[in-house]
Amino acid sequence: MKDAAPQTVYLSDYTPFGYVVEDVHLTFQLAPTSTRVLSRIRFAPNPDATDKVFFLHGEELNLISAMIDGKPVEPVVTSVGLSCPVPEKPFVWEAEVEISPETNTALEGLYMSNGMYCTQCEAEGFRKITYYPDRPDVMSVFTVRIEGPHPVLLSNGNPRDSGDGWAEWRDPWPKPSYLFALVAGDLVNHSDTFTTCSGTEVALNIWVRPGDEGKCAFGMEALKKSMRWDEEVYGREYDLDIFNIVAVDDFNMGAMENKGLNVFNSSAVLASPETSTDANFERIEAIIAHEYFHNWTGNRITCRDWFQLCLKEGLTVFRDSQFTSDIRSAPVKRISDVIDLRARQFPEDQGPLSHPVRPESFQEINNFYTATVYEKGAEVIGMLKRLVGDEGYAEALELYFARHDGEACTIEDWLKVFEDVTGRDLTQFKRWYSQSGTPRLSVTEDYADGTYTLTFAQHTPPTPGQDEKLPQVLPIAVGLLNANGDEVVKTTLLEMTQAEQSFEFTGLASRPIPSLLRGFSAPVVLDRVASKEEQVFLLAHDTDAFNRWESGRTLARNSLIAMVRDGAAPDQAYLDGLAALLRDDELDPAFRALMLSGPSQAELAQALHEAGATPDPDAIWQAKETMADTMAQSFRDLLPKLAYEGKVTEPYAPDAEQSGMRALGAATLALQTRLDAGAAAQKQFDKADNMTLQLSALGQLIQVGKDTGAVQAFYDQWHNDRLVMDKWFGLQVGAAHPEVAVDRAAALSSHPAFDMKNPNRFRAVFGALAMNHAGFHRRDGAGYDLLADWLIRLDAMNPQTTARMCSAFQTWKRYDADRQAKMKAALERIAAQPDLSRDTTEMVSRMLG
Ligand code: BES
Ligand code: ZN
């Protein structure tokens, strides 16, 4: 076998495959280290292709035999695939390969998790199962036979036949190989049914390990809600007789949308009030919806190539956020999404890993399942919808489904349906897919003779590979208020297309107060030096819930930045405005909780960086401490009123209403703990009967260092529950004082229950370390060194998770010279490892530039 050097793949090099696949038959003879995979594939020359090279992807496969039209052939095999002379007419390819699921620690292809077989094929894992044109534009129907001693044998589509030790499945919908799935194990199901809008009954199952059946009910309800919602809002009906979800403990990602057989990280589907937090429930509901929605946006209509990933992921994230907004609180969802965008996507887009929503090249596609492709990709769809209006959007989607069902599409196809439906020219809008970086928007205003003029200027700083930037289409939602807080101009969409552009509002009786970028109508950094009075006014009066939150956030951020940079005291105007809001019982508790929580250390570091300053993690941490202490003192009398105790009398429910009250309670407890050194937290911990209350109390006890008893008690109670133990590991590091976070992560990594092969457990410890801002950025570099040590170790087993976690270093250039040198040294040490995976090699070399 020849070895292939890492290759860069370019969007511009796309050519169709020389053959079409008419159908695929697979037989799996399962065995831990010697699974046999027999394939029988009917190929025919592709009339649309000029390039007739017969190359099949295949990695880590042991080829036993190959035949074309029943005659043995001897293909040329390399470490990435095989090629073979083939007839110039339709032919049947048959191959037998052997693979070893038990030793597959990369969790890609066919692998084992707790004695159960399962697969993960997206993006390029199918080539570790058998030889195949493993690219999303090759679509085919699959028939699968599984032979194994397991009681449950599952694959895509509908069950066809089964007997003792075998089962056959047939998926009637043509699909790319990345949507293939197989599961075999000793599983139990939580079942239900769903009757679709046209009256077809669908069998629904959530398959789990024995013992977990009590944690499926919530996921099942979420699935049924998602199915109904997609019918009602997008007119999309489910298209098979059965829909299966399987929970797997060892999984690199959250979940995967394999046709008719979604595979979930157990943390993304299993839930019970005793073991899951409100946030877990909400995430589970959203992920189930997301993977279900892929059935149309991803599966029925898929991507032509992996550069088009945002076609399915951006759209499906947008759809799942619409779903959550509809069934929970729309403003709370929007605020949470923007917090997340700023925390994950902005740093990515403004650092060495910056790339367009549709990248133009990659070495390892797994590295491009990013916040930019997903979250910015969803923002781009939100902007498109704002620009064309709700009706235009609905018509465009109708046309998209009608025109492209069964196809593998591009962003061009997607934009064309909008152009055809609305008559708009989207040439400039398309820059959102090709231009990387976060646009900065500045604004000046003028008022004279009843006319108010807003002048905006946009500018996108250079990003890797893109020095010159062009103006983007920016939908800017604006409302104008008068001094009484009345809306004198209701939300209006300004469409900015130039580098600099003015908009006039006439007939105003007095100078208005502008509420800009309502609902965060475009993913930009708004550089606006608004007066503090104006922010305080908007905090009290803005009629747009998002912007009301935003003005509070801006006040908080500015105050904290002044504390960090100039040693200023906490801003009294902010504290007063916040207190008034907290007292307002008309306001949704979830909204008030968001107001009270304030910007994270990472968000402050990002804001300082955006302001051209060098963030000092210790000073940021100290400023946050001072702010929290000051709040605790000045809200002292308010806290009992906001506390959770006695607020909910009904049984626990993870709904928006109750979880909002618990979120407000948790933010309150965080302040209370500063006044009573953990007394209230200990009390809440002792009597908690749900994980939300128990965990928030434990977090506070850890934070004030009063945790020895509680940490042990929690362990004693939950050491047999894997998902709860992930919380136990994570919180001890995440909530730790920055001085001890690194040592605690190191100590926990030698705990008997630490298992680096399990991505959830690894992330619990080291993801939490990277998230503990001041802890990770400890001045002596111990955080960088420890993370680098463990990433090097993990890379040999699981490149995908290693590469993703490397992004903890992506901000290295923004810190002081000393920290920069230490972070860079850690990256260089990773880069210098012999046999470093392609995944991690690409990430560290991009970060080093
Ligand atoms: N298709 C992805 C899963 C995936 C990601 C497979 C990367 C292979 C490589 C799936 O639809 C997805 O996006 N899952 C997200 C959760 C979702 C709610 C955004 C995940 O796993 O984090
Ligand atoms: Zn997805």
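Just so you know, these numbers come straight off a predicted model, no measurement behind them. Worth knowing before you read on, the calculation uses all heavy atoms, side chains too, and leaves out hydrogens, waters and symmetry mates. Ligands are counted one by one from 1 in listed order, and the atoms in each one are counted from 1 as well.
Closest approach between the Zn ion (ligand 2) and any N/O/S atom of Glu313 involves OE1. The Zn ion (ligand 2) lies closest to atom NE2 when only the N/O/S atoms of His294 are considered.
Listed by chain and residue number, the protein contacts of ligand 1 are Gln120, Glu122, Met253, Gly254, Ala255, Met256, Glu257, Ile287, His290, Glu291, His294, Lys312, Glu313, Tyr369, Tyr374, Gln800 (heavy atom within 4.0 angstrom).
Ion pairing between Glu59 and Lys128 fails under the 4.0 Å rule for side-chain N and carboxylate O. Checked for salt-bridge contact, Arg722 and Asp212 meet the test: a charged N lies under 4.0 Å from a carboxylate O.
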| request: Verify side chain to side chain contact (heavy atoms under 4.5 Å, CB included) between Trp207 and Ile245, making sure each step is shown before the conclusion. | output: CA-CA 6 Å; Trp207 296 94; Ile245 286 178; over 6 Å; no
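Residue pairs that meet the salt bridge (Lys or Arg N to Asp or Glu O under 4.0 Å) test with at least one member in residues 758-770, sequence neighbours left out, are Asp726-Arg761.
Just one residue in the list Ile146, Val263, Val37 forms a side chain to side chain contact (heavy atoms under 4.5 Å, CB included) with Leu182, and that residue is Ile146.
Under the rule for a ring-ring contact (aromatic ring centres under 6.0 Å, His included), the partners of Phe293 that lie at least two apart in sequence or sit in another chain are Trp229, Phe323. In this view, Phe243 and Tyr238, Tyr292 satisfy the ring-ring contact (aromatic ring centres under 6.0 Å, His included) rule, not counting sequence neighbours.
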